Enquirer: 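Quick one: structure below, then a few questions.
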Amino acid sequence: MNDLHQKVQASHLKRNAYLYVRQSTLRQVFENTESTKRQYGLRQRAVALGWTEERVIVIDTDLGQSGASSDREGFQRLVSEVGMGHAGIVLGLEVSRLARNSMDWHRLLEICALTATLICDEDGVYDPAHFNDRLLLGLKGTMSEAELHVLRARLQGGILNKARRGELEMRPPVGLVYNSEGVLVLDPDRQVQHSLRWLFSTFARTGSACATVKAARQEHLAFPRRCARGAHKGELLWAELDHSQVLSVLHNPRYAGAFVYGRSQSRRSVDGATRVQRMPQDEWITLILDAHEGYICWDEFERNKQRLHGSAQAMGADRRRGPPREGPALLQGLVLCGRCGKRMTVRYHSRHGQLCPEYVCQREGIEHGEAICQRVPGTGVDQAIGALLVEAINPVALEVTLAVQRELQSRFDEADRLRHAHVERAQYECDLAQRRYMRVDPDNRLVADSLEAQWNEKLRAFGEASEEYARRREQDARVLTDEQRSAILSLASDFPRLWSDPGTADRDRKRMVRLLLEDVTLNRGEQISLQIRFKGGASRTLLLALPLCSWKQHVTPSAIVDQIDRLLDNHTTAQIADILNARGLTAGAGASFHRRLVARLVRDYRLKPRLERLRERGMLTLSEVASALQVTPHTVKIWLRHGLLRAHPYSDKNECLYEPPGEDAPRKAQGAKLAMRRLDGRVVVERAKEVQYAT
Ligand SMILES: [Zn+2]
């Protein structure tokens, strides 16, 4: 006891005593009250060592938490109090109880040693700063961990042995229960049995888990679940069927009457979290077929698994962010839904032999058989992203960046000169102090001492200044050499070329996108909005017009219809087609115009036909002109050919309407059988007995 009091010093008593109380499980808290009482009893121990009641602080927030778990708030508080030097002593029933995890324990010991904090348990008081005490405490911690290990190994060994024999009782999935003899049988509840049989038969019929969910929703079927934890543990709940439940039922071999152990393994990862990993079937520890009753046979179970596997490859592989694949969708794995925030997946449609991507947010839809959240046509989005990247990585943009960088560089140089001057000055002062010290008479101790102190001071200042200089210089040295600069600039010209090169594989293009972009959030409203986040934090927003739906793409724009309407006054349909093509216009789906297309447009848009327009302008038909001139229609045609009459074609078969004959119209002549006349400098002889030229 003497020894104990030697360890407790006045400096310890000035600080607080911390009593750490913990029980691993809530059950222990209730049942093992004796241990809890003993733990609280240690408070008296602290008082006996000299702490006042009010300086003993009890930390009992970790009651009901396992020592092996990592998020014990109380233990963390204890460590921080010790670290800040608030603790004079830490008390615990068995010190091993402080931390069941050896790493935590040794860390606590280190901190206690540094802050001169004592540790006390039922056996005595330890000073972690003393080697012997630390050795003992370390041993206690190791023993405690070993104890835990042995306990666990013994328990698990028992479990494994039972599992190998197929006798281990495990929580059965819904639809199977243990009877009074401990044999697994189908749940006597007829409704539960019926629900499971319905699920298996629906999957057999539809072949898809998603379709099974949809069917359940259509028929408003509720599905049983067994509550795994909480106050209602073991009770049946009826709720809507969802996709993950269908999958877990179909993947569970127990429904096929098989006893299985070791389908999954849990592993502790670096960040302390526990991950459950599914094991492949040949690595299961135990698989005993026909161990008990089942809803399906083993063959059907295997068949179901294969079908699920097949559809997972077709549908499910794209759901999470995976490596870039061959398909052309540029943003595969990078798109987020602007409505619900979930990752969107890619679907392809084949149009005219080409794959057109579509980005779909379907996670919720699959899970609950609902309508999908949103779908965005991908072609336009991909084009916009491509254009944006080519624009972002162009020589001008990079040149500006490099110029800014050069500007910063020149400022660095200036700062560097200033800092260097500072170092030189410190060096000079240091040399000066040294010379003064050297020159002083060594017998004059007082002066010599003070000069030595000055010299030391200057030396220290010089050391600091040159260290600071070197550090800053290293920081600023992250500048580009000419070589690097030209490499960056050549990238700028290489990138667009590589991007648009048809030989570049889609997969490589996607890799480039992933190097440059963090993610893209899509939202489809009146327009498609793209929120693009670049690597490095920059972001951009683009707005795209929604692409026209298929039939709208084939509609001729109304401006072109108006043009046709105007052109009809003076041109035939064939002429109009030529004019429109010459103006570089295209019909709805990008096709060029032709006679029949224009004629159809005239008909479809109910434009006034050319014939009608000409008639309105008073044009006459052949027979009308003939009777007006009192000649035969044949004569009219001859006169027309010679340019004596004017006519306007209204169809593409050379049918025309004639302008009404005016004052200068030719008149019928009497007599002459043949007429000779000059036409364009040539002499033409024609049968013109009826012709009398007006001139
Ligand atoms: Zn969504």
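Only heavy atoms go into these numbers, but all of them, side chains included; no hydrogens, no water, no symmetry mates. In listed order, ligands and their atoms are each counted from 1. All values reported here derive from a predicted model rather than from experimental measurement.
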Enquirer: Using a cut-off of 2.8 Å, find all protein N, O or S atoms closer to the Zn ion (ligand 1) than that distance.
Expert: Cys337 SG, Cys340 SG, Cys361 SG, Cys373 SG
Enquirer: Can you tell whether the side chains of Arg509 and Asp382 come within less than 4.0 Å, N to carboxylate O?
Expert: no
Enquirer: How would you list, by chain and number, every residue that makes a side-chain contact (heavy atoms from CB on, under 4.5 Å) with Pro496, sequence neighbours excluded?
Expert: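 Per chain and number, Pro496 pairs via side-chain contact (heavy atoms from CB on, under 4.5 Å) with Val390.
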Enquirer: Can you tell me if Gln245 uses its side chain to pair, donor with acceptor, with the backbone of Pro224 under 3.5 Å?
Expert: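 Answer holds: yes.
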Enquirer: Can a donor-acceptor pair be found between the side chains of Arg267 and Gln265 at a distance below 3.5 Å?
Expert: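 Side-chain D/A pair, Arg267 to Gln265: present.
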Enquirer: At what distance, to the nearest 0.5 angstrom, does CZ of Arg600 lie from CG of Leu597?
Expert: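 Answer rounded to 0.5 Å: 5.5 Å.
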Enquirer: Check the surroundings of atom CD in Glu235: do more than 12 heavy atoms from other residues, nucleotides or ligands lie under 6.0 Å from it?
Expert: yes
